[in-house]
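This is a predicted model, so every value here is computed, not measured. Side chains are part of it too, since the values below use all heavy atoms of this structure and drop only hydrogens, waters and symmetry mates. Residue indices begin at 1 and follow the sequence shown.
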Amino acid sequence: MTERLFDPLDATPTRRALHTVLGPVLPWFLHLRPAEWPVMAGHTALGWLLAAGWRAPDGTAVLGLVAWVVCLNGGTLALNSAFDRDEGDVAYLRRPPTPPRGLAIGAILLMLAGLVLTWGFPAPWRWLYGACLLMSVAYSMPPLRLKAVGGADWLINMIGFGTLTPWAGWAITGRPLGLADFLLLAAFCPLFAAFYPLTQLYQIDEDRARGDQTLVIRLGARRALAVALAAAGVAFAMIAAAAVLADWPTEVGLRWAALGIAALA
């Protein structure tokens, strides 16, 4: 572990301003990685928009988005930080502060709070939220700590972040899935399988130092990128198949417009 030569809580003007407001709570807030919230919110809202149509989210949808993005995803990333204790930059968090004591317990309580707040949602939502919560624990915490197992880390991210996240947005509405709908949501699984290796390329040294055998370490950077390209090809083939199965122009147009927003995010 290298010695810190700076105070990460004062590393930027934004953090200095937040420090005056949040005080000792700031490290907890930063480990929720709020920089990722817009991306996660867009990905979750994509599923809701596909099911509900192009309209502003209602109160139920807003509560669901907050629970999924802040409580579940933020809690997942904080739980991960509690065990990784990274000193170098990680995804959506540059110059991470030292994880505060009790961060892991706080992260799990935050994830559970999101489930409690949305318990009255349709049953598919509860199943999806519960499944992702369990995957988060298995991903970050010993003795399983699947993020250290090359391939298992990849599967959890491509399923949980890739497909289950927009599916959860869809599930908020209670609308059942048709075949084309399911195929489109499932296409995000290989699409995020393509993205995930890119998030690990700059963490290879720190992952090796911890003894983690991530997908990129096992395959090597060049092979990991080849796998990513192949997965992207599968994703777009599935999206094309979903477009063929859907009714034009209403459903297909909606799906392709939503896909464009997701690609920009």
Side-chain angles (χ1 to χ4, degrees), residues 36 38-55 57 61 64-65 68-69 72-73 121-132 135 139 146 150-200 215-216 219 222-265:
E36 189 186 16
V39 176
M40 177 61 73
H43 192 42
T44 312
L46 172 65
W48 186 84
L49 289 169
L50 286 170
W54 295 119
R55 59 187 177 90
L65 289 173
W68 194 273
V69 173
L72 181 58
N73 183 66
F121 281 26
W125 164 273
R126 294 195 296 272
W127 284 107
L128 292 168
Y129 194 111
C132 283
M135 286 195 296
Y139 180 80
L146 296 180
D153 58 333
W154 188 46
L155 286 172
I156 284 182
N157 277 273
M158 63 193 277
I159 294 171
F161 191 18
T163 289
L164 299 192
T165 290
W167 190 352
W170 180 291
I172 294 172
T173 68
R175 178 181 169 184
L177 281 172
L179 178 58
D181 306 318
F182 177 77
L183 192 57
L184 180 64
L185 296 178
F188 283 96
C189 186
L191 186 62
F192 276 74
F195 293 158
Y196 181 65
L198 305 181
T199 69
Q200 292 186 320
L215 178 75
V216 171
L219 293 180
R222 181 170 295 181
R223 288 182 181 177
L225 288 174
V227 169
L229 288 173
V234 171
F236 285 111
M238 292 175 68
I239 292 168
V244 170
L245 289 172
D247 294 327
W248 180 267
T250 55
E251 294 193 45
V252 173
L254 182 63
R255 284 158 175 75
W256 282 106
L259 180 63
I261 292 175
L264 290 175

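Taking every heavy atom of both residues into account, L146 and A152 meet most closely at O-CB, 3.9 Å. Here the closest heavy-atom approach between residue A242 and residue L183 is recorded as N-CD2, 3.6 Å. Taking each heavy atom of A171 and L128 in turn, the nearest pair found is CB-CD1, 4.0 Å. Heavy atoms only, all atoms of each residue included: T165 and M40 are closest at CG2-SD, 3.6 Å. Across all non-hydrogen atoms, the minimal contact from A61 to P57 is CB-CB, 3.7 Å. Listed here is the closest heavy atom pair of A194 and A231: N-CB, 3.9 Å.
Judged as a ring-ring contact (aromatic ring centres under 6.0 Å, His included), and not counting sequence neighbours, the contacts of F161 are H43, F192. Residues passing the ring-ring contact (aromatic ring centres under 6.0 Å, His included) test with W48, sequence neighbours excluded: none. Scanning for side-chain contact (heavy atoms from CB on, under 4.5 Å) contacts around R126 gives W119, A123, with sequence neighbours left out.
Under the 6.0 Å cut-off for aromatic ring centres, W127 and W167 do not qualify, their centroids lying 6.0 Å or more apart.
Taking OG1 of T163 as the reference point, atom CZ of F182 lies at 7.5 Å (rounded to 0.5 Å). Atom CD1 in I159 sits 6.5 Å away from atom CE in M135 (nearest 0.5 Å). L185 contributes atom CG, which lies 7.5 Å from atom CG of L46 (distance to the nearest 0.5 angstrom). Interatomic distance, CH2 of W170 versus CG of L184, reported as 8.5 Å (0.5 Å rounding).
Two residues are said to be in side-chain contact when any heavy atoms from C-beta on lie closer than 4.5 Å; L50 and P166 fail this criterion.
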